[in-house]
Amino acid sequence: MSPVTPEMVLQRLRQLLPASKLRHIDFQFARLIADLCRDMPSRGDAELVLAACWTSALLGKGHVCLPLTQPTAPRLLDLGDDEIEPLLAELAPPEKWPELWRQHPLVGHPVAGVQDDDSGTEQWPLQLWQGRLYLSRYYRFEAQVARCLLRLAARQVAVSARVQDSMQRLFAIDSAAVWASLQQQRSGPHFDALRFASQYLDLVAAPSVETEALCQGLTHAASEAELAQLLAALPARARRNDQHLAVATALSRALAVISGGPGTGKTTTVAKLLALLVEQGLEQGQVPVIRMVAPTGKAAARLGESLGRALGSLALPDDVRAAMPTTAGTLHRLLGVIPGQLQFRHHAGNPLHLDILVVDEASMVDLPLMARLLVALPEQARLILLGDKDQLASVEAGSVLGDICSVLREGVSPQQAARLGQQTGYQLTPGHERGSPLRDSLCLLRKSWRFTADSGIGLLAAACNQGQAEGLAQLWAQGLSDIELQPWSQGAYRQLIESVVQGYRQYLLAVQQGRPADNVFFYFNQFQLLCALRDGPFGVIGLNARIEQALAAAGLIRPEHDWYAGRPVMITQNDHALGVYNGDIGVCLPDAQGRLRVWFEQTMEKTDSNRAKSLLPSRLPAHETVYAMTIHKSQGSEFDRVIMVLPEQLSPLLTRELIYTGLTRAKQKLTLYTDPALLAQAIRRRTERHSGLSLRFL
Ligand SMILES: Nc1ncnc2c1ncn2[C@@H]1O[C@H](COP(=O)(O)OP(=O)(O)OP(=O)(O)O)[C@@H](O)[C@H]1O
């Protein structure tokens, strides 16, 4: 047995508390384990007390488990050698801990299989699985998520011939639209026929005599009829439309996970998919109950609007259109929050009433919430998860979408490739015969419809995603009009503040002119300052204070009191009674009597219209001024213009996923304040999230 006792470990851990290297809750959990160990001493007690504390501390940083195969915890918890080495030196090495705990009364050893019932795990506070230590609750969440997803993925659904035909029609090349784009592009200075064919005709075939002829035809076609002839001769096997494949996948499976970057058509794809599912339902005499949700109110409102737009552009039969959803809500509201309780109104014993559930911005959904959602799905339901796998993982523990999408690299099964080939006509390259059962439910949309091939934001996002630091440098040098780099030279900070004042000018003029709240929001949503950090002069707290001063000096606001007309705030705590949630944005405006109230944009689920609602400032739960917003909080939102600020010094928070998420919030113009060398370093670092979820999909 180790000469170190649990008490000695606790003593050492207590010394880490003042430096905030551990949270009190982590220490208390270690103490609980030490108390339990005292009652029934066993091999590896001291190691277990330390590991329990680390597992809890890592959970606070978003990791679902403590991996014991690599000495990761001290690094992830930012513990210096002198803080932990002396203690570790006297304990058995972490890779030996699983062996030490083989008979430990506080550690459960579930036998892999996600199919197994995990209900027996309550009797141990900790679980050891595949070299990973879990708090039992999180082990169960992970096992539940895997089990539910695998069950959904295994369920295949027959697609009627009529719906197949409708799908082909929805994805047929629209020669009139292609002709319009062709004429427009050919009138530009740099018409590239091959690029055009890839964007508008989904051409994927390698250059050949046929593609050469197609390009010649595109360059010289003199009429829409001539183009239509050319298109009729284009074989489906030379094309691949990822949106079409996503719909074909989702029609025939109870689970579809559709990942794509900004503007790749996730909503457009779902609009077509839902239309086909409704058509199938009508054919079978039952209109399906469809619910659409997102993790935040803002993301839900955006989903509702985009879906409305996408449906508007589709030619649909009246009965199909009438059955389509028109609003989206939040996940919490769908599940039914019970004030003061962790449990939702809907759970396995009281499942949701729906046939089809669409979850947008799925990357923001953490492991516990995903588990609660999945167990609450009724037996016959279909689930469609939408998101961008490359974005930041959820604020709370887990990286569910990322873990699911890790299976993408396997490619689809040969059977699925054949099935999809039959349904769409495209020629697909299958993966190996053996692979995860989840892989045939995954779809990746690669082509952006928002960013053209020469859009700076699109190119920057791609370079960032591939960690191409050199590529970034070349991009800045090209002088692209929609991206701008501002290194931290002398005077840059002052210039930043001036640009932000300029960015909010229109919004604050609308406030001064007494425009209605909805109109004020229109201007507020056009521009946003995003920061990587909270603290320091480059963080939201420092910048909000400086911006407030500068706006006052410019005569745009009068911040004589805490509350003033034009103050934008972000709610930082849920208040279910008031119906405002963490992340909601409000702006302070006078009402008809001149009293200041804080107005919130409404998602349509809360009211019958999209009009703003207001609350007295004194009633708001915790909130903060939001001229500057953290990139984390900006997930699920997009703005025409974004200024993004990175600090002068590298921080553990600066990772590829953070930068990618921030810069893809911008739709038209991005200005980035950063030292280029720091940016290059940041995009080479990946966010680490330890979990065992992807292992469970094997
Ligand atoms: N196949 C397509 N052909 C032409 N335009 C398309 C196609 N797919 C999407 N678009 C257009 O691209 C834009 C973005 O599409 P959509 O909103 O569906 O993407 P998204 O991935 O949901 O975007 P976001 O990143 O905002 O969530 C829309 O204007 C849409 O009309």
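Note that ligands are numbered from 1 as they come in the structure, with each ligand's atoms numbered from 1 the same way. Nothing here was measured: the structure is a model prediction, and the numbers come from that model.
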| message | Can you see whether Glu410 engages Ser436 through a side-chain donor-acceptor pair at a distance of less than 3.5 angstrom? | response | no
protein heavy-atom neighbour closest to atom 26 (O) of ligand 1 works out as Arg450 NH2, 2.8 Å
Could you give me the CA-CA distance, side-chain angles and deciding distance for Gln422 and Arg419, then say whether side-chain hydrogen bond (donor to acceptor under 3.5 Å, both in side chains) is met? CA-CA 5 Å; Gln422 217 171 33; Arg419 230 178 344 249; over 6 Å; no
One finds that the ligand 1 atoms under 4.0 Å from a non-hydrogen atom of Glu638 are 24 (P), 25 (O), 26 (O)
Checklist entry - Any side-chain heavy-atom pair from Gln168 and Gln423 closer than 4.5 angstrom? => result no
**OP:** Say whether Glu361 and ligand 1 are in contact under the criterion: heavy-atom distance to a ligand atom below 4.0 Å.
**Re:** no
When Leu303, Leu331, Thr330 are each screened for side-chain contact (heavy atoms from CB on, under 4.5 Å) with Val293, the one that passes is Leu331
Min over Gln243, Lys447, Lys667 of heavy-atom distance to atom 8 (N) of ligand 1 lands on Gln243
The reported gap from NZ in Lys272 to CZ in Arg169 (rounded to nearest 0.5 angstrom) is 13.0 Å
Quiz item: What do you reckon, does Pro262 have a nitrogen or oxygen under 3.5 Å from a nitrogen or oxygen of ligand 1?
Solution: no
min-distance protein heavy atom vs atom 9 (C) of ligand 1 -> Thr268 OG1, 3.4 Å
Residue, atom and distance of the protein heavy atom nearest atom 14 (C) of ligand 1 read Gly263 CA, 3.8 Å
Among Phe171, Trp449, Phe451, Tyr200, closest by heavy atom to atom 7 (C) of ligand 1 is Trp449
Checking heavy atoms under 4.0 Å, the part of Arg309 that sits near ligand 1 is neither
Evaluate whether atom CZ of Arg237 has more than 12 neighbouring non-hydrogen atoms of other residues, nucleotides or ligands under 6.0 angstrom away.
no
of all protein heavy atoms, closest to atom 20 (P) of ligand 1 is Lys266 N, 3.4 Å
Ranked by distance from atom 19 (O) of ligand 1, the top protein heavy atom is Gly265 N, 3.0 Å
Atom 17 (O) of ligand 1 has as its nearest protein heavy atom Thr267 OG1, 3.8 Å
Quick one: does Gly260 get within less than 4.0 Å of ligand 1, heavy atoms only? no
Could you tell me whether atom 28 (C) of ligand 1 has at least one protein heavy atom nearer than 4.0 Å? no
Check your understanding: Between Asp202 and Lys447, does at least one N-O distance fall below 4.0 Å, as a salt bridge requires?
Key -> yes
Problem set entry | Parallel, tilted or perpendicular: rings of Phe524 and Tyr504 (30°, 60°) | parallel
Minimal heavy-atom distance between Glu601 and Lys298, with the atoms involved, is OE1-NZ, 4.4 Å
